[in-house]
Amino acid sequence: MAEGAASQEEQSPETPDSPSPISSFFSGSGSKQLPQAIIIGVKKGGTRALLEFLRVHPDVRAVGAEPHFFDRSYDKGLAWYRDLMPRTLDGQITMEKTPSYFVTREAPARISAMSKDTKLLVVVRDPVTRAVSDYTQTLSKRPDIPSFESLAFRNRSAGLVDRSWSAIQIGLYAEHLERWLRHFPARQMLFVSGERLVRDPAGELGRVQDFLGLKRIISDKHFYFNQTKGFPCLKKAEGSGRPHCLGKTKGRPHPEIDAQVLRQLRDFYRPFNRKFYQMTGHDFGWDG
């Protein structure tokens, strides 16, 4: 499923015998709440995987589509935004994900104005790999765009990276994080490793469940690794007895990029990565 695509809300079959909390939920009880937690980024970091994995948890209710409220639709008001949310029962968390929030200048203040207690999840990935993935997604929609190399550099021979190109700019995580920390304390933000989400989804989901104050229900038993796609898949999707892999676009092959180009980009990002490691207290290992 593409990063911005909506995933269908799946419903659990109701048992005809006694009205369980699940069946009463799907018969329309519960209420719509503003989200207590938001996956705010980053694009091509693994936000769709995190959302789909979290939706397995019985205490998480999430919008499948990206609402884009705090970047594109803020003028529609909080009542409009709340109406997009799924119904929740007591004890359940309402969530949404819109990866562009992390790089939207107005988003931190707007989310803080909604609730200073909102928990924020940021899925981060090696910024060089992320940039190539971003370019690959655009290339699949617009095959006539210039080469990755020509877009990434203002002057290739001088090694001048074009940091105004969005695929490069999004990966300057430390700069974006500075804006968020003006409005939210670090304890309300969790940085999820996109690499570990692929390598050890249950381990990373353990951290996420702890951060959200959820019982650790999602574990190794929920996942299997799809060798063809190179991604973990769910043995059972939310409300379904069938296995579920992320959409066809996940794991699409990246174009060949010159090794020297990748080295230059790693050199460019290194100081930003190190600052980000200091700010988050975690070395994501992108500089090896």
Side-chain angles (χ1 to χ4, degrees), residues 3 39-47 50 71 98-109 111-112 120-139 145-200 204 207 211 254-288:
E3 192 71 30
I39 301 172
I40 59 173
V42 299
K43 181 184 178 188
K44 307 310 295 177
T47 61
L50 179 60
D71 55 349
T98 304
S100 51
Y101 290 164
F102 189 62
V103 298
T104 298
R105 290 186 172 275
E106 301 84 3
I111 294 176
S112 177
L120 306 170
L121 295 125
V122 191
V123 191
V124 287
R125 180 185 185 188
D126 180 330
V128 177
T129 314
R130 197 221 65 82
V132 175
S133 181
D134 200 340
Y135 173 79
T136 304
Q137 184 179 50
T138 306
L139 186 66
I145 60 168
S147 69
F148 178 86
E149 291 86 343
S150 62
L151 292 167
F153 291 92
R154 281 189 291 134
N155 185 323
R156 168 84 196 280
S157 57
L160 287 176
V161 173
D162 187 355
R163 52 176 291 163
S164 68
W165 183 34
S166 65
I168 296 294
Q169 216 265 335
I170 289 170
L172 302 173
Y173 303 142
E175 292 192 354
H176 304 303
L177 179 56
E178 282 177 343
R179 284 198 300 274
W180 288 91
L181 291 175
R182 289 182 206 132
H183 298 273
F184 290 94
R187 68 177 180 276
Q188 273 173 241
M189 303 184 76
L190 183 72
F191 297 89
V192 178
S193 164
E195 287 87 6
R196 194 161 175 240
L197 207 52
V198 172
R199 222 173 36 242
D200 178 20
E204 205 65 352
R207 292 180 61 237
F211 172 72
H254 288 180
E256 283 292 321
I257 309 290
D258 184 274
Q260 177 61 21
V261 167
L262 298 177
R263 272 196 297 276
Q264 286 174 295
L265 287 178
R266 293 202 182 284
D267 290 343
F268 166 76
Y269 276 119
R270 191 167 290 111
F272 296 101
N273 290 345
R274 288 183 177 165
K275 185 176 181 186
F276 184 66
Y277 299 166
Q278 289 173 345
M279 293 171 81
T280 60
H282 183 77
D283 183 339
F284 288 89
W286 299 323
D287 303 311

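Only a predicted model underlies this, so the values are computations on that prediction, with no experimental measurement involved. These values consider heavy atoms only, across backbone and side chains, with no hydrogens, waters or symmetry-generated copies.
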Are side-chain heavy atoms of [X] and [Y] found at a separation under 4.5 Å?
X: Asp162; Y: Phe153; value: no
X: Phe148; Y: Thr138; value: no
X: Gln264; Y: Glu149; value: no
X: Ser133; Y: His254; value: yes
X: Asp126; Y: Arg266; value: yes
X: Ile111; Y: Ile40; value: yes
X: Met189; Y: Val122; value: yes
X: Arg156; Y: Val261; value: yes

Which atom of [X] lies closest to which atom of [Y], heavy atoms considered:
X: Val123; Y: Gly45; value: CG1-O, 3.4 Å
X: His183; Y: Pro108; value: CD2-CB, 3.6 Å
X: Tyr173; Y: Arg125; value: OH-O, 2.6 Å
X: Val124; Y: Glu195; value: O-OE1, 4.0 Å
X: Ala167; Y: Ala131; value: O-CB, 3.4 Å
X: Pro127; Y: Gly171; value: CB-O, 3.7 Å

Notebook entry, point to check: Taking it one step at a time, do Ile145 and Leu139 satisfy side-chain contact (heavy atoms from CB on, under 4.5 Å)?
Noted result: CA-CA 7 Å; Ile145 60 168; Leu139 186 66; 3.7 Å; yes
Note to self: Closer than 4.0 angstrom, basic N to acidic O: yes or no for Arg263 and Asp267?
What the structure shows: no
Counting only N and O atoms by type, is there a donor-acceptor contact under 3.5 Å from the side chain of [X] to the main-chain atoms of [Y]?
X: Ser147; Y: Ser150; value: yes
X: Thr104; Y: Ser100; value: yes
X: Glu204; Y: Val192; value: no

For the [atom1] atom of [X] and the [atom2] atom of [Y], what is their distance to the nearest 0.5 Å?
X: Leu177; Y: Phe191; atom1: CG; atom2: CZ; answer: 4.5 Å
X: Ile168; Y: Arg163; atom1: CD1; atom2: CZ; answer: 10.5 Å
X: Thr47; Y: Ile39; atom1: OG1; atom2: CD1; answer: 6.5 Å
X: Trp180; Y: His176; atom1: CH2; atom2: NE2; answer: 11.5 Å
X: Lys43; Y: Asp134; atom1: NZ; atom2: CG; answer: 4.0 Å
X: Leu121; Y: Phe211; atom1: CG; atom2: CZ; answer: 5.5 Å

Next item on the list: Look at the rings of Trp286 and Phe276 and say which category their plane angle falls in: under 30° parallel, 30 to 60° tilted, over 60° perpendicular.
Entry: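 Parallel, since the angle between the ring planes stays under 30°.
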